Number of protein chains: 2
Amino acid sequence: MDSPETRGASAQPRSKTPLSRETVLAKALELVDSDGVDALTMRRLGQELGRDPMSLYRYAENRAALLDGVTELVLDDLCIEPEDPDWKEQLRTIAHNLRLLALRHPNLVPLLVTRPLSTPLGLRPLGTLRPLEQILSLLIAAGFKPSDALHVYRAYYGFLYGHILNELQEFIVDPEENEALLRLGLHRLPPKEFPRLRALAPALAEYDGLNELDQGITILLSGLETQLSLKANRS
Amino acid sequence: MDSPETRGASAQPRSKTPLSRETVLAKALELVDSDGVDALTMRRLGQELGRDPMSLYRYAENRAALLDGVTELVLDDLCIEPEDPDWKEQLRTIAHNLRLLALRHPNLVPLLVTRPLSTPLGLRPLGTLRPLEQILSLLIAAGFKPSDALHVYRAYYGFLYGHILNELQEFIVDPEENEALLRLGLHRLPPKEFPRLRALAPALAEYDGLNELDQGITILLSGLETQLSLKANRS
DNA sequence: GGGTAAAGTCTACATTGTAGATAAGGCAGT
DNA sequence: ACTGCCTTATCTACAATGTAGACTTTACCC
């Protein structure tokens, strides 16, 4: 039933350009973005590229590695200036950028936060470790002693990831019917057990992720600064 | 090759007690804890219970629902005192308890943080929403106006989730060879690109999650308190 | 008994990741 | 032009998975 003309819905004129890790990952990302992580099957991706599924194994050891590759790919979009003298401001913009990145690839967020859990730090794709390294540089250049820099990084990135998870949870439905659906969902809850939550429906509907993030960062950074502070290097 | 005597490695004498959602979920949790989420297949769970895999569908709509059930199950272990007059202390102990819970079920953490992403708030298992409701109660009782309570909750829980993700990342290998393996892993990194990270190997090895969490919570709570504060209700 | 509902089982199928053997193209050297 | 070789891609095949749908067993009530 499949004539040799029947190709995947994709570009390649026939079987020509020799494919490359970049193209594979790019298409994979595209797929994840549009249809979710589960839609990224070897067969589907192969079809999308107009190639046999098996050819993919030349560019990634297996499906898991392919997913790692995708997360690495998007993390490369996150640029960090380790030389920025205003470290607080730099951390703030990194936070904003990471947030935007997550909003641009919501389907990828589960992978972003979850993959590291199954790979010891030293064995992760280099692209995923680069932000860590650069932020450490930033903090050390700002005067923190290395071990304190690590603390700051952890609190900072922890909060950042937490925020992203939070924000995406409340964003699932498209903002148009967001409120309606949300109320509908909440309406299902037993009123005696969930009075607070139900009463907060309007507040939940007008969630402002950027502000929320920003204020959190402010609090955290000033707190960290006074607690650890740069004093260790100042004497 | 399978005599009728050959049962799953499990308890049930033969096919006797009529099974129940609780037993199913309990075994499922056991399985996840010991062998990871991927090991929880319908067939394996069925075998573990000495029943046909298909029987499970009486107690959960499908595999996803089963996983939801498991997360709900463990979250029920998290007890919260919404009446506690010392709200900061209460939030701190909740944090500690959630952390312990995560350390007790590390394989479940990906689910814990990820499932909510694919289910609109109102449609989640009630067990997963209860902590939210109770913490809101706690904060409102403490004098926060409801919308501020929501802010506090978000910052707090966001940070908490972020911390847990952080801590579990660095814990994967057993603490014995932790340091060795870690160094090994880090040694793989190109020195020119990752000098900070490599230099921090020792610091990474002696990570104290409890402290890290505790200090973060302190900072966050005092920050939130002064920023929003209870002033709205004080006048 | 006979009937009814619940609990459990059997069979079957479509989909998945991926091993292993096989081909198809390009490019060297002679 | 032929031969060998290496990279890239394909084909075939298999075991494992979730789950639909029909069936069987069990318990119990009148």
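This structure is a prediction, so every number in the text was calculated from the model and none was measured. Letters A, B, ... are given to chains in the order of the sequence lines, protein chains preceding strands, and every chain is numbered from 1.
In this structure, B:Tyr157 and B:Tyr153 have parallel ring planes: the angle between them is below the 30° cut-off, well short of the 60° mark.
Where B:Met54 and A:Met42 each meet DNA chain C at their nearest nucleotide, the meeting point lying more 5' is that of B:Met54.
When the side-chain nitrogen and oxygen atoms of A:Tyr57 are compared with OP1 and OP2 of C:dG20, none of them lie within a distance under 4.0 Å. Contact check, B:Tyr59 against C:dG8: a side-chain N or O comes under 4.0 Å of OP1 or OP2.
To the nearest angstrom, P of C:dT16 lies 17 Å from CG of B:Asp38. Between the CG atom of B:Asp52 and the P atom of D:dT26 there is a distance of 15 Å, given to the nearest Å. The nearest whole Å value for the distance from the CD atom in B:Gln47 to the P atom in D:dA16 is 12 Å. Counting to the nearest Å, the C1' atom of D:dT19 and the CG atom of B:Leu66 are 13 Å from each other. We find that CZ of B:Arg21 is positioned 18 Å from C1' of C:dA6, with the value rounded to whole Å. Straight-line distance from the CG atom of A:Leu19 to the C1' atom of C:dG25: 15 Å, rounded to whole Å. Here C:dT18 presents its P atom at 5 Å from CG of A:Asn62, a figure rounded to the nearest Å. At whole-Å resolution of the value, CZ in A:Arg63 and C1' in D:dA16 are 15 Å apart.
Listed by first and then second residue, the salt bridge (Lys or Arg N to Asp or Glu O under 4.0 Å) pairs involving residues 150-160 of chain B are A:Glu170-B:Arg154, A:Glu212-B:Arg154 (not counting sequence neighbours).
Within the nucleic acid shown, B:Ser55 comes within 4.0 Å of at least one base atom, counting heavy atoms only.
A side-chain donor-acceptor contact under 3.5 Å links B:Arg198 to the backbone of B:Leu189. Between the side chain of A:Thr114 and the main chain of A:Pro110, a donor-acceptor pair closer than 3.5 Å is present.
Looking only at atom types and distance, the side chain of B:Ser137 has a donor-acceptor partner in the side chain of A:Arg196 under 3.5 Å away.
Open room surrounds CD on A:Glu61; 12 or fewer heavy atoms of other groups in view lie less than 6.0 Å from it.
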Give me the distances for all protein-to-nucleotides 21-24 of chain C N/O pairs that come in under 3.5 Å?
none

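Salt-bridge formation is not detected for the pair A:Arg130/A:Glu133: no Lys NZ or Arg NE/NH1/NH2 atom is positioned less than 4.0 Å from an Asp or Glu carboxylate oxygen.
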